S.K.: 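For reference, the structure I am asking about is given below.
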Amino acid sequence: MADTPEAFQDAMLDVTYGKPLTLTARQKAKREGLYWDVLLARSGLADRLKRLVADRNMGRDVQ
């Protein structure tokens, strides 16, 4: 976060040329849980969408 363009540029340079980000195993696991494929798989929505598409392609009435 930056309040001025100069502060933003400084922050971007720090990120670009600074030390690489290191995460603990717990932080990595939390980050993994935010990927769309993981979220969709956990919610069951991806499977539901696949069934809807398959049903539609087979001409079945989809609700």
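Everything numeric in this text was worked out from a predicted model, so none of it was measured. Here, residue 1 is the first one in the sequence, and each next residue gets the next number.
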S.K.: Quick one: list whatever passes side chain to side chain contact (heavy atoms under 4.5 Å, CB included) with Leu39, sequence neighbours left out.
M.R.: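 Testing Leu39 for side chain to side chain contact (heavy atoms under 4.5 Å, CB included), a comparison that skips the adjacent residues, returns none.
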S.K.: Measure the CE-CG distance between Met58 and Asp55 for me, rounded to the nearest 0.5 Å.
M.R.: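 One gets 8.0 Å once the value is rounded to the nearest 0.5 Å.
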S.K.: Give, for atom CE of Met12 and atom OG1 of Thr16, the distance between the pair rounded to the nearest 0.5 Å.
M.R.: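 Separation between the atoms: 5.0 Å.
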S.K.: What residues, two or more places apart in sequence or in another chain, satisfy side chain to side chain contact (heavy atoms under 4.5 Å, CB included) together with Ala2?
M.R.: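 Partners of Ala2 by the side chain to side chain contact (heavy atoms under 4.5 Å, CB included) criterion, ordered by chain and then number, come out as Ala7, Phe8.
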S.K.: Listed by chain and number, what are the side chain to side chain donor-acceptor pair (under 3.5 Å) partners of Thr24, not counting sequence neighbours?
M.R.: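 For Thr24 the side chain to side chain donor-acceptor pair (under 3.5 Å) partners, ignoring immediate neighbours, are Gln27.
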S.K.: Would a hydrophobic clustering, with Ile, Leu, Val, Met, Phe, Trp and Tyr connected at side-chain separations under 4.5 Å, put Leu40 with Leu52?
M.R.: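 Linked within one cluster.
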S.K.: Would you mind listing the cluster partners of Leu21? Hydrophobic ones only (ILVMFWY), side-chain contacts under 4.5 Å, chaining allowed.
M.R.: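 Listed partners: Leu23.
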S.K.: Counting only pairs under 3.5 Å, give me each side-chain donor-acceptor contact of residues 31-38, with atom names and distances, residues two or more places apart or in other chains.
M.R.:
none

S.K.: Within a 6.0 Å radius of atom CG on Asp14, are there more than 12 heavy atoms belonging to other residues, nucleotides or ligands?
M.R.: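 Buried by this count: over 12 neighbours within 6.0 Å.
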S.K.: Is Val15 isolated, or which residues cluster with it under the ILVMFWY side-chain rule of less than 4.5 Å, directly or via members?
M.R.: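 When side chains under 4.5 Å apart are linked, Val15 ends up in no cluster with other residues.
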